[in-house]
Amino acid sequence: MDENGATPNVEDSELHSQLPVSGLYESWFLDYASYVILERAVPAIEDGLKPVQRRIMHALNEMDDGRFNKVANVIGSTMQYHPHGDASINDAIVNLGQKELLFDTQGNWGDLRTGDRAAAARYIEVRLSKFSKEIVFNNDTTEWQLSYDGRKREPVTLPVKFPLLLSLGVEGIAVGLSTKILPHNFCELIDASINILQGKEVVIYPDFLTGGQIDVSNYGDGHRSGKVRVRAKIEEEDKKMLVIRDIPFGTTTSSLIDSIIKANDGGKIKIKKVIDNTAADVEIQVHLAPGVSPDITIDALYAFTECEVSISPNACVIIEDKPHFVGVTDILRYNTQQTVHLLKRELEIRRLALLEKILYGSLEKIFIENRIYRDIEECETFEAVIRTIDKGLEPYKPQFYRAINDDDILELTEIRIKRISKYDGYKADELMRKWQEELAETEDNLANITRFAIDYFKDLLKKYGKGRERRTEIRAFNQISANIVAANNQKLYVNRAEGFIGSGLKKDEYVMDCSDIDDIIVFRSDGRCLVTKVQDKVFVGKDIIYCAVFVKNDERKVYNLVYLEGKTGVSYIKRFQVTAVTRDREYDLTQGTPKSKITYFTANENGEAEIITVNLNAQSKAKVKQFDFNFADLLIKNRSAMGNILTKYTVRKLTMKQAGRSTLGGVEMWFDPIIGRLNRDERGEYLGNFGPSDNILVIYKDGSYELTNFDLTNHYVSNEVLLVRKFDSKLPITALYYDGGQKQHFIKRFTIETSSLDKKFVFISDSKNSKLILASTDKRPRFEIVHAKNEKRDQLHEEFVVEDLIDIRGWKAMGYKLAIDKFKDIRWLESLPEPPEEEKPEEVEEISDDSEEPGTETDNGADNEPVTVETTESAENVTDDADIIDEESASMDEENIDPVKPKKKAKKSTDSGKSQLGLF
């Protein structure tokens, strides 16, 4: 009952107690999200600090007395400005301390490289560094606000005169967005700021304390769509051991080793053991299994372990209390202009302070030297004293920069008699002159604020740039195909009759070794082929005639095929390639009519074209019942081509008469010095056309040479290699080197007498400080020595022809001693032309019909046997996990039309008289 005795309505009571929640959740969540974004996770663009970091810096500045402070005390002081958790404050302090820029630290602060944590807060100590005191704090230019409880004041943002955000980097996860700005190099940021002030375009790239290598080709100025690839530095200690010197950003030695062990357990790589010898520097030894290629293992480490990581930046900062997604160049421009603005404000404050000093000094001088203080002796009131002094200053007021007020006069009345009696006018004038000079300098800096800002940045670089050089090497990375470098950890089996392939059919026919990420190509007797992933057991169709690992874009592998057209009974013959397909889709190699079937098939790794014998049915009307056909008479087409008519009569049997020879010629090779890799994509320096027996000659800067094969997986460290050429045993090598033992320069010419592959031979002196200066494989090289101007010589430029100095000797010979001690430069000149060869009478050589063509090789291996062929990996760029492999264009060729032209002609061919698809 209510106070009037009435019984309340139950329905009205329930209605008043109910509140709508739809709007409440929406506003509350938005408030929470805004709080997390602005007050926790995302840094402000002005100083590059999150709120907790800003409060830590302010607390340290308030505590600063030049001595170290326990981190536990700093945590307590920071909590006066905001009730952050002590653990979060400790983590933020350790994070800033490990970046080695704002703090001087003492104690065990952990290790970014190994992942070791810092000691407890009560054991480690910290103080502000000289750099942070200079660029972060200035009470006169700081905007202040009250702390959460109103008892303290804290900065809204700190007046940082440096692109601190880009130097430190930041990572934070808020509600609905995140930020990730990678750290950049200290010196490069200062140089870039100077360039901005000079009106130049700038580009900046990340740099990490952990070193390593970085590919910035897709950095995209740090925007959300960008990406960088970071790699560890892996060196080949010898053929049995690799050494990792630097690790990628965001990884630790422990996580890196775990990823290597995991890849080894998964069969992706083959190693014996991993040893972590990290101390002052990172050193992880990877011992290889017997018979494993170091070059392939390096690529496999990049492909399957944390030796290579991909990082996606996402530059998000707070600008005017709102999150904005910007590029790192925009942040740098903002910070640079902010630095100019802060420097201008400091100069204006300095100018005003100097004017005030000069004003008061002038007033004091007038007051004492003109003895105005004597005029106030008879004044009876303080107001009369003020008026008397003001009257005495009246003649001098026009020379002051502002009006004289009562506060100025009041300061004069506070001058003590002792100071008046000891006043030295000469010293006062000297002090005034000094202030005037400082004022003039300040006004000049204000008038030329850009010049002043540039000098400021240069001074920062001079004082703090030493030891902060770039640690992460910028270079282009090659794209590693996982299928190529993966170790063969599976065995492929086939059940031809029932149509199954897989790694689990251990009781059936063994085909070859493969990896668990390979694709397998299958051909069936009904004229169909398909590509599928390696599985434990998969049905691909009955009557399998061939299966092997499929390598995408392999233009060297050619299939020779004869099929019977089911409708007309005509036998067709063709040669084709399968370079790209859609996975698990069947392709018909015949004309698609019922009862068509393959009657002859070979797979040829290097485009071999064999000769077959065709035996016709005895009842056929053909006059010739047996004849030979050479596959070399056919051009290579695509898989859907109809082919040429072999015979219209019934074929009884097809047999191989003679193993084939390649019709593709050599392989065009290029060397890319930027990434230190061979390629077939016309990148870098053209090396030539390579046949099966050709090799690569590598000359290193340490004065050694090495012969290698031309496998695309070979590594040539770009900063160690001086010369990469196709090896020709007849061409002499010319080398100019410095002998550290005799302290003399030598030049020598020699031919390669060794034949061992992948073994280095030193051809210069092994004395300490010996080094190779120049090397060439030209037949008649010339070089020029440029002497310094201060040397007493008739000619500053001297040219030499090498063949006039020395003949070709053995590779161990010392060479010819050059009479030079010091020089400014030494370089190759254009070589002399080769002398014309004497004409010789032509010799006629009679060649029998069945003899081999000169300059070609016969392949009698099992790879060219009909129907079943083993293949090995020989190409790259097979897509790893993509379900779709680009499908090549297919078109049916009609009977007896001109053959399709080859897809790609070799630009430079050294093969004698043979094109890629030429006939024998």
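In this chain, numbering begins with 1 at the start of the sequence shown.
- The residues Asp390 and Lys397 are annotated as salt-bridged, a charged nitrogen and a carboxylate oxygen being separated by less than 4.0 angstrom.
- Between Tyr81 and His58, the gap from one ring centroid to the other is short of 6.0 Å.
- Annotation for Arg117: atom CZ does not count as buried by contact number, only 12 or fewer foreign heavy atoms lying within 6.0 Å.
- For OH of Tyr401, the number of neighbouring non-hydrogen atoms (other residues, nucleotides, ligands) closer than 6.0 Å is greater than 12.
- Salt bridge annotation for Glu438-Arg350: present, with a cationic side-chain nitrogen under 4.0 angstrom from a carboxylate oxygen.
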Between Asn335 and Ile331, does the side chain to side chain contact (heavy atoms under 4.5 Å, CB included) criterion hold? Intermediate values first, please.
CA-CA 6 Å; Asn335 290 153; Ile331 296 174; 3.5 Å; yes
What verdict does the side chain to side chain contact (heavy atoms under 4.5 Å, CB included) test give for Tyr464 and Ile190, after you've listed the backbone C-alpha separation in whole Å, the side-chain angles of each residue and the deciding distance to 0.1 Å?
CA-CA 11 Å; Tyr464 305 109; Ile190 292 179; over 6 Å; no
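- Enclosure of atom NZ in Lys133 by more than 12 non-hydrogen atoms of other residues, nucleotides or ligands within 6.0 angstrom is indicated.
- What you find for Leu460 and Glu134 is that their closest heavy atoms are CD2-OE2, 3.8 Å.
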Do Asn195 and Asp191 pass the side chain to side chain donor-acceptor pair (under 3.5 Å) test, and can you show the C-alpha distance, the side-chain angles, and the key distance before you say yes or no?
CA-CA 6 Å; Asn195 290 334; Asp191 290 335; over 6 Å; no
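- With rounding to the nearest 0.5 Å, the separation of CD1 in Ile196 from CD1 in Ile204 is 7.5 Å.
- For the pair Phe325/Arg224, a side-chain contact is recorded, criterion being any heavy-atom separation below 4.5 Å from C-beta on.
- The neighbour count for Glu201 CD, taken as heavy atoms of other residues, nucleotides or ligands under 6.0 Å away, does not exceed 12.
- Checking side-chain atoms of Arg351 against main-chain N and O of Thr442 turns up no donor-acceptor pair under 3.5 Å.
- Thr157 places no side-chain N or O within 3.5 Å of a backbone atom of Glu46 that could act as its donor or acceptor partner.
- Note: Asn138 CG to Glu346 CD = 4.5 Å, rounded to the nearest 0.5 Å.
- Counting heavy atoms of neighbouring residues, nucleotides and ligands inside a 6.0 Å radius, atom CD1 of Ile319 exceeds 12 of them.
- Considering every non-hydrogen atom in both Val160 and Leu342, the closest pair reads O-CD1, 3.5 Å.
- Salt bridge annotation for Asp246-Arg471: absent, with no cationic side-chain nitrogen under 4.0 angstrom from a carboxylate oxygen.
- In this structure, Asp221 contributes its side chain and His223 its backbone to no donor-acceptor pair below 3.5 Å.
- Between the side chain of Arg54 and the backbone N or O of Asp47 there is no donor-acceptor pair closer than 3.5 Å.
- With contacts defined as side-chain heavy-atom distances shorter than 4.5 Å, the pair Ser193/Thr339 does not qualify.
- Residues Asp408 and Arg402 are paired through a salt bridge, judged by an N-O separation under 4.0 Å between the basic side chain and the carboxylate.
- Centroid-to-centroid, the aromatic rings of Phe131 and Phe186 come within less than 6.0 Å.
- Between Lys463 and Asp459 there is a salt bridge, with a side-chain nitrogen of the basic residue lying less than 4.0 Å from a carboxylate oxygen of the acidic one.
- Note on Asp140 versus Arg345: no salt bridge recorded, every NZ/NE/NH1/NH2 to OD/OE distance being 4.0 Å or above.
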Working note: Asn370 + Tyr396, criterion side chain to side chain donor-acceptor pair (under 3.5 Å); need CA distance, chi angles, decisive distance, verdict.
CA-CA 11 Å; Asn370 293 340; Tyr396 307 97; 2.6 Å; yes
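- Residues Ile454 and Gln198 are in side-chain contact: their nearest non-hydrogen atoms beyond the backbone lie under 4.5 Å apart.
- In this structure, the side chains of Val317 and Val326 come closer than 4.5 Å at one or more pairs of heavy atoms.
- Using a 4.5 Å cut-off on side-chain heavy atoms (C-beta onward), Val328 and Tyr219 make contact.
- Closest approach of Gln98 to Leu209, counting heavy atoms only: O-CD1, 3.6 Å.
- For Lys344, the NZ atom counts as loosely surrounded, since its 6.0 Å shell holds 12 or fewer non-hydrogen atoms of other residues, nucleotides or ligands.
- Around the OH atom of Tyr360, the shell of radius 6.0 Å holds more than 12 heavy atoms that belong to other residues, nucleotides or ligands.
- Between Glu369 and Tyr423 the shortest side-chain heavy-atom distance falls below 4.5 Å.
- At least one side-chain heavy atom of Leu347 sits under 4.5 Å from a side-chain heavy atom of Phe452.
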Just do the side chain to side chain donor-acceptor pair (under 3.5 Å) check on Asn69 and Glu125 with the steps written out, would you?
CA-CA 5 Å; Asn69 299 283; Glu125 298 177 337; over 6 Å; no
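- Inter-residue side-chain proximity for Leu128 and Leu102 is flagged as unmet; no heavy-atom pair is nearer than 4.5 Å.
- Remark: Glu430 does not engage Lys427 in a salt bridge, criterion side-chain N to carboxylate O under 4.0 Å.
- Taking the charged nitrogens against the carboxylate oxygens, Arg127 and Asp64 have no contact shorter than 4.0 Å, which rules out a salt bridge.
- The main-chain N or O of Gly115 is never found under 3.5 Å from a side-chain atom of Thr252 such that the two would form a donor-acceptor pair.
- Within the 3.5 Å criterion, the main-chain N or O of Leu168 finds a donor-acceptor partner in the side chain of Lys99.
- Shown here for Gly226 and Pro313, the closest heavy-atom pair between the two residues is O-CD, 3.5 Å.
- We find the CZ-CG distance between Arg113 and Asp281 to be 6.5 Å, quoted to the nearest 0.5 Å.
- With Thr336 contributing its side chain and Leu332 its backbone, the two residues share a donor-acceptor pair below 3.5 Å.
- The shortest non-hydrogen separation linking Lys161 to Tyr456 is O-OH, 3.1 Å.
- Checked by atom type and distance alone, the side chain of Ser88 never pairs as donor or acceptor with a backbone atom of His84 at under 3.5 Å.
- Judged by distance alone, with hydrogens and angles left aside, the side-chain atoms of His184 form a donor-acceptor pair with the main-chain N or O of Leu166 at under 3.5 Å.
- Residue-environment remark: CD (Gln399) exceeds the threshold of 12 foreign heavy atoms within 6.0 Å.
- Salt-bridge check for Glu39 with Arg55: passed, with a basic side-chain N closer than 4.0 Å to an acidic carboxylate O.
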Using side chain to side chain contact (heavy atoms under 4.5 Å, CB included), reason through Arg451 and Asn445 one step at a time and then give a plain yes or no.
CA-CA 8 Å; Arg451 183 200 64 194; Asn445 290 333; 3.4 Å; yes
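- Considering all non-hydrogen atoms of both residues, Gln213 and Thr472 come closest at C-CG2, 3.9 Å.
- Note: Phe457 and Phe162 fail the aromatic proximity criterion, with ring centroids not under 6.0 Å apart.
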Under the criterion side chain to side chain donor-acceptor pair (under 3.5 Å), I'd like the reasoning laid out for Thr179 against Asn314: C-alpha separation, chi angles, the key distance, then a yes or no.
CA-CA 5 Å; Thr179 183; Asn314 182 23; 6.0 Å; no
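- Rounding to the nearest 0.5 angstrom, the gap separating the CG atom in Leu38 from the NZ atom in Lys50 is 13.5 Å.
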Let me see the working for Val74 and Ile89 under side chain to side chain contact (heavy atoms under 4.5 Å, CB included), right down to the final yes or no.
CA-CA 9 Å; Val74 180; Ile89 297 175; 5.9 Å; no
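- Between Arg468 and Glu100 there is no salt bridge, since no side-chain N of the basic residue sits under 4.0 Å from a carboxylate O of the acidic one.
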